[in-house]
Every structure is written in structure tokens, then in C-alpha cells.
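Reading through the C-alpha cells given below for one structure.
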Amino acid sequence: MKVLFVTPECAPWVKTGGLGDVSAALPAALSEQGHDVRVLMPAYRPLAQLVLEGSQRLALPAEDVWPAAELVRVASVGFSLWLLDCPSLFDLPGGPYGDEKGVDHASNAERFGFLSHVAARTASGASPWKDWRADVLHANDWPTGLAAAYLKRMPAPQARSMFTIHNLAFQGNFPADRQAALGLPDEWMQVEGEGLLHWGQISMMKAALRHADVITTVSPTYAREIQEEALGFGMDGMLRARSKDLHGILNGIDTRVWNPVSDPLIPVRYGAGCLDDKAANREALQVELGLSATHAAPLFGVVSRLTDQKGIDLILANLPWLLKQGAQLAVLGSGEARYEQQLRDAAQAYPAQVAVRTDFNERLAHVIEAGVDVFLMPSRFEPCGLNQMYSQAYGTLPVVRATGGLADSVKDASAPDGTGFVFQEDSADALRETLMRVLRVWRDPAAWRGLQQRAMAQSFGWPQSAQRYAALYRQTNGQTNGQTKGDSHAGFQGKPRAARSGRR
Ligand code: ADP
Ligand code: GLC
């Protein structure tokens, strides 16, 4: 299949979270299986040099409300990476979604509307690629949400469209007065039918849910959860209406990047057969972070956006107790100021036991995965989550709440095939009980080692999930194949709730 994969981030070039990792690993896995994948992403400011060195460039003349731009082929790493070069929209200071202070870029509607428009154009008869025609346009999260809608108005032949929800909480909702700037026809300015209005706003997420031929999300459990009011973020009714077209496919991990046997970023490489070498990584991490060199209790780790989603408050509520038990905590993450501040206060009060770093640091993320004993991920909701899988690969036992992809990828220690610690209720007490269990098992080295080995024996590679995507691509193109639909779920009615707009 020829796949145009459009995304706002792709690691290692642009990454603010798991979407960046997935947007590199899934296209690579599909390419390895013989599919021909082009990834399309904006040429943000830090990519200027790549654009200059691009091996191929194609002009996109101005059209309707849209500016002139260029498509630049900048890399070929299994898949080929194409950047959408349009300095007036993408050459901005800060990150992909906001400025240096984290405030959303004022032109986000136009920026990501344009990315979606170009994706639709290149997946249709109007494509500037004359020698390559996409069978499938695969769009990811709200910044690409309008692509499937625009595609319907493009000249034939049109590719089929897939949209993957990585996080329903971020919806790309913008004021209705952006209609003209986004070139949206009047028929779409309604709530029902083809409409993309959501509580009076233009919703890029809703546009995708209405117009994509097939919808996926990143775990089977999250596919069920988003059809219910509690985690449907106001879109559960629409998702129930499309439940036949909604599939949950668990993300994988890129074992070329996240593998303790070959990881160039960690101090000492190790595998399931030489787990004692993991201790050297623990010591190196303690030294790097200025923690005391104790083995009395587990060293806990967090690598995360510090937001409500991630249950950081549940960790903070248990921190004084955890420290009394002699445990240590290493945190790498940034996000809400109150969480950053409370964590910094704890690090200042207990420098031998708590260390906090608030930058975005790929190397330290690997060093923490290798060095800590337990990874904390008590998320309120988690579409998939990658760190609980990285942790298991590194023999680091994850503590997770049973939601979304966490429920689908971690088995509780109480089961014979346990690989971590799972709790149900969204409460500090439920986390506390689980932490008590962790400390009990920690005192039984043989049991701990057994959990580590089972965790490391898990297979979270991409090949299987990539095959499921490919099967769906074929299915939306009307080709028969062995795809089973056991992971879509019929739903029930409920009322919508308030939604959030930007990402991050
Ligand atoms: P989400 O996409 O919701 O943030 P995921 O678990 O899917 O959650 O992915 C998060 C990714 O971002 C992981 O690869 C994690 O290591 C990485 N990450 C998060 N915060 C940081 C940080 N401060 N520095 C380096 N990597 C980070
Ligand atoms: C989102 C989700 C996370 C998921 C990632 C990649 O950011 O919050 O759970 O792993 O996307 O799909």
C-alpha cells in the first residue's frame, strides 16, 4: 500500500510526547513490511537546516485561501520524510503548538488547517507528486483533523482516509469566525450531518470523526472508554455512532531505540540474563541526580508531561509517606506550574531522596528507565502510554492505573504472569495500597527478579500492530483480508461534556 502519514510531530526531529515516537516507529515498521510510506510534517523553525539540505522540492502554488508553499523531501529512513515549508505559518519561535512560554500560537487554526489541506491535496488528483499516488491518507490527532474532510472536496482519485486518535482530550476547537480562513463550506458549519461545529466552535477533532473512512485509537481499552461519557470528552455520542468503524490497536515500542541491550544512551547496557548490570545504571543515576547511594528501598521514577491526565497529584499525595519508607524519587517532566513547584519543593527539602529535572531530555529519559526500580504512571486516563512498555523492556516494574493502554499492557504482580503493579480506583489511597505491595515484594528479591524477567520477556514490538494497520488500510480500500473486528464496541447514548482545545 502507498500511505501518506500526516502528523504534527515525528521523532527524533520533533517530539513533545508519544505521538512523536509513534509517528516514526509505525511508518518504519510499515516500510519494513513492504509498504511505501511518506510522512508529512510541518517545517518548524528548528528544521530550517534540514529544509535547506532537502533532496527534492515541489512547489505548491497559492490556492483559494491558502498561501504558496513547498514540499521538501528531507530524509529517507525506511519511510521518506517530507516537510511542508511555509515560513509565514511554521517558522515561529517555540514549539510545534505554542511559543516559548507555552502559549498557543495565535495562528494554530490556519497552521494546522493548512497542514491538513496539503495532506488532502497530495492524497488526491491534485497532488504535486505525479509519480506517486496515496492509497490511504493516515492522519493523526487534531492538528490533522481536517484532512479527511478536505479530501472529500478534492479532485478524483481520492485516497481513502484513516484517522488515529492519540488523545481525545485535545480537540483543536477554534472560534467559528475562522470559517473563511479555513475555507470551510457552509454545509460544514452545523452540528449534525457533515458538520464540524462542536458547542459553537469549529472542531478539528470532530471533523475527523465525521469524515474519516476509518477511525483508530491507540489501545483496545481506550477504544471502549471513549465511547462512554466519563472519558468521551463530549465526543462519546459521535464515537458510538461510528463504533463499527472504530478500532483499538495497541502502540508498540521501537526496539531499535528502546532496548537495554543496545541503548547507547545508558551508562551500562544489560539484558534479562545480566540483570545485575542494571544496578550500575541505578548507581550512575543516583550520582548524576545527587541522590544518596542507598539500596534500602526502591528508587521510583517518573518521565512525563506533568498534567492532570498523568495523576501527578496522586504521586504528590503519597510522597511524604514514600519518603518515610526510605524510598527515592527521580522525576523528569514539565507541565503545570503547580506540579513543577511542588516537586521542586520536595527535592529541596529532601535532596538525598528526591530529584527533579524539568527540561525535555531524551538521554535522561533513557537513563531513568534503565536506572530506577519502579516507574510510576498512575494516569487518570491514558490512550496508550509508552513508558510503561519501555519500563518493562528495561526490567523496571511499572505501577499503573487500570485505564486505556496501561490496562492492556501491564499485568498485576498477583497473577502468575504478572509484570508490574496495577490498581483500579482513581485515588491516592488506592495508589498507597499498591505502593505498600511494591515495598513488600521489594523485600523478596527472588519474587522481584521473577517479575522483572517476565516484564522483559514481553514483546511490545511494532510488527504485529503495523500488520493490523495495514489490514485496515486494505479493508478501507475494499480489499478483503483476514482483519478481525473484535476490538470495536457497540455503545450507548449519553450527553456531551465540555471539551478542551489545544494540545499540550
Ligand atoms: P504522552 O504522549 O501522553 O505524553 P506517552 O507515554 O505516550 O505519553 O509518551 C511520552 C513520551 O515522551 C515518552 O517517550 C517519554 O519518554 C517522553 N517524555 C515525556 N516527558 C519527557 C521529558 N521531559 N524529557 C524527555 N522525554 C520525555
Ligand atoms: C498520546 C497519549 C498517549 C499515547 C500517545 C501515542 O499523547 O496521551 O497515551 O501513548 O499519544 O499514541
Side-chain angles (χ1 to χ4, degrees), residues 5 7-12 14-26 95-97 138 140-143 163-171 205 216-219 221-223 225-226 231 233 248-254 257-258 263 265-266 301-312 330-336 339-340 343 355-370 372 375-394 396 398 400-401 403-410 460 462 465 469 500 502-504:
F5 190 95
T7 176
E9 34 187 294
C10 182
V14 180
K15 168 174 169 181
T16 73
L19 175 58
D21 286 349
V22 172
S23 297
L26 173 56
Y97 314 107
H138 185 166
N140 293 275
D141 262 2
W142 74 262
F163 179 77
T164 298
I165 303 166
H166 294 265
N167 197 331
L168 190 62
F170 302 105
Q171 303 187 340
M205 176 65 77
T216 69
T217 188
V218 289
S219 69
T221 295
Y222 194 59
E225 289 172 337
I226 55 180
L231 292 184
F233 285 95
I249 303 177
L250 193 70
N251 286 335
I253 67 176
D254 191 334
V257 181
W258 291 95
D263 189 337
L265 299 177
I266 63 176
V302 173
V303 180
S304 182
R305 292 184 289 117
L306 301 178
T307 65
D308 237 21
Q309 173 188 343
K310 303 291 181 179
I312 303 300
V331 179
L332 171 63
S334 57
E336 288 178 36
Y339 294 140
E340 287 188 14
L343 286 165
V356 178
R357 299 288 181 273
T358 53
D359 55 337
F360 198 92
N361 185 334
E362 188 72 22
R363 182 197 61 82
L364 187 55
H366 286 245
V367 172
I368 288 180
E369 282 293 6
V372 302
F375 194 92
L376 293 175
M377 215 163 159
S379 303
R380 251 180 205 109
F381 66 93
E382 195 62 73
C384 179
L386 297 174
N387 282 103
Q388 81 283 5
M389 297 195 270
Y390 299 153
S391 296
Q392 290 174 79
Y394 281 69
T396 295
V400 304
R401 202 170 85 74
T403 182
L406 300 177
D408 294 337
S409 60
V410 183
F460 293 116
W462 267 105
S465 297
Y469 278 101
R500 293 165 60 192
R503 186 183 176 87
R504 307 301 176 233

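Both ligands and their constituent atoms are indexed starting at 1 by order of listing. We number each residue from 1, following the sequence as shown.
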Task: Phe381 and Leu168, any side-chain heavy atoms less than 4.5 Å apart - done: no
Open item on the list: Below the 3.5 angstrom mark, is there an N/O of Arg305, backbone or side chain, next to an N/O of ligand 1?
Closed with: yes
TODO: Give me the ring orientation class for Tyr394 and His366: parallel if the planes are under 30° apart, tilted from 30 to 60°, perpendicular past 60°.
DONE: perpendicular
Open item on the list: For Glu369 and Ser391, which I'm curious about, is there any donor-acceptor pair between the side chains at under 3.5 Å?
Closed with: yes
Open item on the list: Looking at non-hydrogen atoms alone, which of His166, Arg357, Lys310, Met377 comes nearest to atom 1 (P) of ligand 1?
Closed with: Lys310
- [ ] Going by heavy-atom distance to atom 5 (P) of ligand 1, choose the closest among Asn361, Val302, Asn167, Leu386.
- [x] Leu386
Open item on the list: Under 4.0 Å from a heavy atom of Val303: which atoms of ligand 1 are those, numbered in the order shown and with their elements?
Closed with: 16 (O), 18 (N), 21 (C), 27 (C)
Open item on the list: Looking only at the side chains, is there a donor atom on one of Asn140 and Thr7 sitting less than 3.5 Å from an acceptor on the other?
Closed with: no
Open item on the list: Show the atoms of ligand 2 that are less than 4.0 angstrom away from any heavy atom in Asn167.
Closed with: 8 (O)
- [ ] With heavy atoms only and a cut-off of under 4.0 Å, state how Asp359 meets ligand 1: side chain, backbone, both or neither.
- [x] backbone
- [ ] Compare all side-chain heavy atoms of Tyr222 with those of Cys384 and state whether any distance is below 4.5 angstrom.
- [x] no
Task: Numbering as shown, the atoms of ligand 2 that approach Arg305 to under 4.0 Å (heavy-atom distance) - done: 8 (O)
Task: Heavy atom of Gly385, distance to ligand 1 below 4.0 Å - done: yes
Task: Under 3.5 Å: N/O of Lys15 near N/O of ligand 1 - done: yes
- [ ] Enumerate the atoms of ligand 2 whose separation from the nearest heavy atom of Asn251 is less than 4.0 angstrom.
- [x] 6 (C), 10 (O), 12 (O)
Open item on the list: Please compare Asn251, Asn387, Leu406 and report which has the shortest non-hydrogen distance to atom 16 (O) of ligand 1.
Closed with: Asn387
- [ ] Pull out every atom of ligand 2 sitting under 4.0 Å from any heavy atom of Val22, numbered as shown with elements.
- [x] 6 (C), 12 (O)
Task: Trp142 side chain vs Met205 backbone, donor-acceptor pair below 3.5 Å - done: no
Open item on the list: Taking Val372's backbone N and O only, do any of them form a donor-acceptor pair with Thr396's side chain (distance below 3.5 Å, no angle check)?
Closed with: yes
TODO: Please determine, by modelled atom types, if Glu340 and Thr358 share a side-chain donor-acceptor pair under 3.5 angstrom.
DONE: no
Open item on the list: I want to know if ligand 2 touches Lys310 in the polar sense, i.e. an N/O pair below 3.5 angstrom.
Closed with: no
- [ ] Sequence neighbours left out, what passes side chain to side chain donor-acceptor pair (under 3.5 Å) with Glu225? Give chain and number order.
- [x] Thr403
Task: Expected output: side-chain Asp141 to main-chain Pro143 donor-acceptor under 3.5 Å - done: no
Open item on the list: Quick check on contacts: which atoms of ligand 2 are under 4.0 angstrom from a heavy atom of Gly385?
Closed with: 3 (C), 4 (C), 9 (O), 10 (O)
Open item on the list: Quick check on contacts: which atoms of ligand 2 are under 4.0 angstrom from a heavy atom of Val218?
Closed with: 12 (O)
Task: Backbone or side-chain N or O of Gly18 under 3.5 Å from ligand 1 N or O - done: yes
Open item on the list: Could you work out, with side-chain contact (heavy atoms from CB on, under 4.5 Å) as the rule, every residue matching Asp254, not counting sequence neighbours?
Closed with: Ala25, Arg256, Val257
Open item on the list: Within ligand 2, which atoms have a heavy atom of Gln309 less than 4.0 Å away?
Closed with: 8 (O)
Task: Close-contact set for ligand 1 against Gly333 heavy atoms, below 4.0 Å - done: 23 (N)
